[in-house]
There are 4 protein chains.
Amino acid sequence: MSTEETIEPTRSASSRVQRKRGRRIQEILTAAAELFGERGYDAVSLEDVAERLDVTKGSLYYYFSSKDELGTAAIETLGTEWTARLQKLVDGTSGSAADRLRALIHEHVLIAVRDHPAALQVFLVPRRWPHEQRESIKELRQRHDRLFRALIEEGVAAGEFTVTGVDTVLQCMHAAMSQAPVWCADLPARAQYEAVDEVADTLMMLVGQAPPE
Amino acid sequence: MSTEETIEPTRSASSRVQRKRGRRIQEILTAAAELFGERGYDAVSLEDVAERLDVTKGSLYYYFSSKDELGTAAIETLGTEWTARLQKLVDGTSGSAADRLRALIHEHVLIAVRDHPAALQVFLVPRRWPHEQRESIKELRQRHDRLFRALIEEGVAAGEFTVTGVDTVLQCMHAAMSQAPVWCADLPARAQYEAVDEVADTLMMLVGQAPPE
Amino acid sequence: MSTEETIEPTRSASSRVQRKRGRRIQEILTAAAELFGERGYDAVSLEDVAERLDVTKGSLYYYFSSKDELGTAAIETLGTEWTARLQKLVDGTSGSAADRLRALIHEHVLIAVRDHPAALQVFLVPRRWPHEQRESIKELRQRHDRLFRALIEEGVAAGEFTVTGVDTVLQCMHAAMSQAPVWCADLPARAQYEAVDEVADTLMMLVGQAPPE
Amino acid sequence: MSTEETIEPTRSASSRVQRKRGRRIQEILTAAAELFGERGYDAVSLEDVAERLDVTKGSLYYYFSSKDELGTAAIETLGTEWTARLQKLVDGTSGSAADRLRALIHEHVLIAVRDHPAALQVFLVPRRWPHEQRESIKELRQRHDRLFRALIEEGVAAGEFTVTGVDTVLQCMHAAMSQAPVWCADLPARAQYEAVDEVADTLMMLVGQAPPE
DNA sequence: GATGAATGAGATTTCATTCAT
DNA sequence: AATGAATGAAATCTCATTCAT
């Protein structure tokens, strides 16, 4: 019993510390991802990141050994979280391929516009990132694409969709969705929601689905 | 008379000089636009630009009084040239709105992929540019959009096109076209041409045009 | 009586703690001395020292209040231990001044090469140490020199040795002995021992002793 | 003729610039070598170097792309100049091997003590330098050693010298000579000269030459 | 006793900009 | 027109030190 008493606190203490560290890292990554997405990797200084977190530059180095590493990690978290949300949506939705694809597009754009108003840029322009990060970006992009590709192929197989080529449709869709936050940024909240809806309708046309009405 | 004699050579000399200056400026702008497109404004140093031109940093200041000015000018030339080429195409083509729009899209993507790989990025992510330049970019973007918008509205009016909303369609089209060079960059020359064709077919679906066959 | 009973265990406990503390300090000093010797004072960070000991930086501050203090202490222990070993050798050896000097040199170089590779550098280049430590180093150096000086003067007085000047001989000897580990570091174990022997023979020539054979 | 007039100035202008650049680099290297020698590589900041030259830190990067590179170059110049001076002395001296070796030792120590009061340290403790530089140091050291080795071997062959082993003698000599500036630094000018003389006499004993008188 | 976190001063490095020639 | 040199501000990065737990 006494053993348990001694060990338990120790163990939980260590893991509490671990969790705390994890949380801190997430905070940093979130802030960083936001800034990088907003202004681009090069335009963001560590000072900027530190300031948003209200710590000093030096502290960042306690968690990440370089700006590049922070950049890579930021992308990774961002992409992982995003993909997870979309995956969950796909898993939880039923209906025709069209219904589900539309929901997926809608959700994607909504996340982009509402939650990460600028972070998506990161996935659009890998050319601007240092070498290391590009791989990271590519991989995330692929994970992301798989969700869409699966649905599109399903719809095509079922005769629901008409497409020129799946790859090209995917690319165009992705480009448009990622760009959406840029032009929706300045709209008032309500208009934003409508805009997202319209984007979804518009992009459904890429697989041959006529707009409603 | 003697005045003319003296002045004439001077004038033509001076204009020869002028022309040479103009040519030099064009060279610089082309190099700069390429680099800015490839790596983003911040990631490009004047040293990089100078090196590509095989001159020294200092020389650039003979033509442009700051990096920002060079940036603005580079965008402007790029956009102007581009728009001019598209305008010419529009003027020289006849047929249905669909035919002309498809030709326009095709040309746009072709220029992007073949002639200015990466440079188009500039128009996609204005957020990464210093304030001053954004206006410049926006304006060019508008000039550019007008070409497309006119054709789309014409098609809609003629009952040829079905759209969700012209603005949204324009944005999606633009995003996809500008993004094309990124994913087409690695394809072999022949495949590139086919890819461009497919992009055009795909984007025509945004206005309700079914793909060929 | 009751007092004694209470105090005794306390005292021994406290002294056990003391001993443990002492041992920990020794461990730290040894690690630090090695590192300082290997790379020089400035090139060694407390992080380096901590890592070698598998503790955190912060912990070092429990034992030493600054890097400088750690540095001074490291030198001091190193020097004290070293001098003690040599002193013991001198005390335990008899024979001619030549025999004893040779044994002393041999032992010195052996310790340097085998036990503290690099640590001796510390005594060679005081210029690289912060002001405070230099005094410390100088004093140790003197204590150290006294052993050699006594023997040399004895040999000179006895007519055994011929020297140019005792000071100069001492300096040259010291320099060569301290440098030995650098060039012997890469030799295989056996060759190392022979090398040490040869160094001893060589340095004996500085007091006019012809090499054996 | 006119061609000559145009080309000549151009050519000489360019080479004048070249020479000037070379001179500037030498100035920097001299200052850097002094400081590195005085305090050690790590203890010297670029700020220090810049200040001694009365320029800003940034300027140093116009000539050297990193501190390491500056370090390597500084060593190289120092070593090259040094070796050249010794070589010249060897070439210009005649007499017995003993005479010439003594002159060489004398000159070496004199340069060290008088001209580069601390720079020699650099050659003594390569362990403290970043990897790249060590090779550089080793090579210089070898070039340097060759001068001494040749003379010693000549003296041994001629029966003038008695040695334990050439390698060991060389190492001991080198160590002592390089260390000399440290202990001679504080002597008054006259005493310094005498000290150098005595060092030479002392080190000659390493090859079996009895001191004068 | 020891740790993880944070700090702040200072080091290295980059780069737009200026200027004499 | 063009260059080489220099500058200074700002960015990245390092590290001795402090402190709450």
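No hydrogens, no waters, no symmetry mates; every other heavy atom, side chains included, goes into these values. None of these values were measured; they are calculated from a predicted model. Just so it is clear: chains get the letters A, B, ... in the order the sequence lines come, proteins before strands, and each one is counted from 1.
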Students often get this wrong, so: under 4.0 angstrom with heavy atoms, is [X] touching a base, only sugar-phosphate, or nothing?
| X | answer |
| --- | --- |
| D:Tyr63 | sugar-phosphate |
| D:Lys20 | nothing |
| B:Val49 | nothing |

Please list, one pair per line, the donor and acceptor atoms closer than 3.5 Å that link side chains of residues 20-29 of chain A to other protein atoms, with sequence neighbours excluded.
unit_1: A:Arg24; atom_1: NH1; unit_2: A:Glu27; atom_2: OE1; d: 2.6

What is the separation between atom [atom1] on [X] and atom [atom2] on [N], rounded to the nearest whole Å?
| X | N | atom1 | atom2 | answer |
| --- | --- | --- | --- | --- |
| C:Arg23 | E:dG1 | CZ | P | 11 Å |
| D:Leu70 | E:dT13 | CG | P | 10 Å |
| A:Tyr62 | E:dT3 | OH | P | 11 Å |
| C:Gln18 | E:dG1 | CD | C1' | 13 Å |
| C:Asp54 | E:dT3 | CG | C1' | 13 Å |
| A:Arg16 | E:dG4 | CZ | P | 14 Å |
| A:Glu47 | E:dG10 | CD | P | 17 Å |
| C:Glu51 | E:dA2 | CD | C1' | 17 Å |

Residue met sooner reading DNA chain F from 5', once C:Ser66 and D:Leu60 are mapped to nucleotides:
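This one resolves to D:Leu60.
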Between A:Asp48 and B:Gly58, which is nearer to the 5' end of DNA chain F once each is assigned its nearest nucleotide?
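Upstream on the strand: B:Gly58.
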With nearest nucleotide decided by heavy atoms, which residue, D:Ser65 or C:Lys57, maps closer to the 5′ end of DNA chain E?
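Its nearest nucleotide lies further toward 5', so the answer is C:Lys57.
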Both C:Thr56 and D:Ser45 contact DNA chain E. Taking the nearest nucleotide for each, which residue is further toward the 5' end?
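Going by which nucleotide is closer to the 5' end, it is C:Thr56.
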Taking all non-hydrogen atoms of both residues, which atom of C:Tyr61 and which atom of C:Ser66 are closest, and how far apart?
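So the two residues come closest at CE2-CA, 4.1 Å.
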Taking the side chain as every heavy atom from C-beta outward, state whether [X] and [Y] have any atom pair closer than 4.5 Å.
| X | Y | answer |
| --- | --- | --- |
| B:Leu46 | B:Leu70 | yes |
| B:Asp68 | B:Tyr41 | yes |
| C:Leu60 | C:Leu53 | yes |
| C:Leu35 | C:Glu38 | yes |

Any sub-3.5 Å donor-acceptor pair from A:Lys67's side-chain atoms to A:Val44's backbone N or O?
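Indeed, once roles are kept as given, a pair shorter than 3.5 Å links the two residues.
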Between D:Tyr61 and E:dT13, is there a contact of a side-chain N or O with OP1 or OP2 at under 4.0 Å?
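For D:Tyr61, the contact criterion (side-chain N or O under 4.0 Å from OP1 or OP2 of E:dT13) is met.
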Could you check whether A:Glu34 pairs with A:Arg52 (Lys NZ or Arg NE/NH1/NH2 to Asp/Glu carboxylate O, under 4.0 Å)?
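Looking at A:Arg52 together with A:Glu34, the answer is yes, because their closest N to O distance falls below 4.0 Å.
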Under a 4.0 Å N-O cut-off, is there an ion pair linking A:Asp42 with B:Arg39?
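Salt bridge: no.
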So what does the secondary structure string of DNA chain E come out as, 5' to 3', with Watson-Crick or wobble pairs under 3.5 angstrom, [ ] for crossing and | for pairs with another strand?
.||||||||||||||||||||
Interface limits on DNA chain F, where chain C has a heavy atom under 4.0 Å of a nucleotide atom
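Reading along DNA chain F, I get F:dA16 to F:dT18.
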Exercise: do D:Thr80 and D:Thr77 side chains pair donor with acceptor under 3.5 Å
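No, no side-chain donor-acceptor contact under 3.5 Å.
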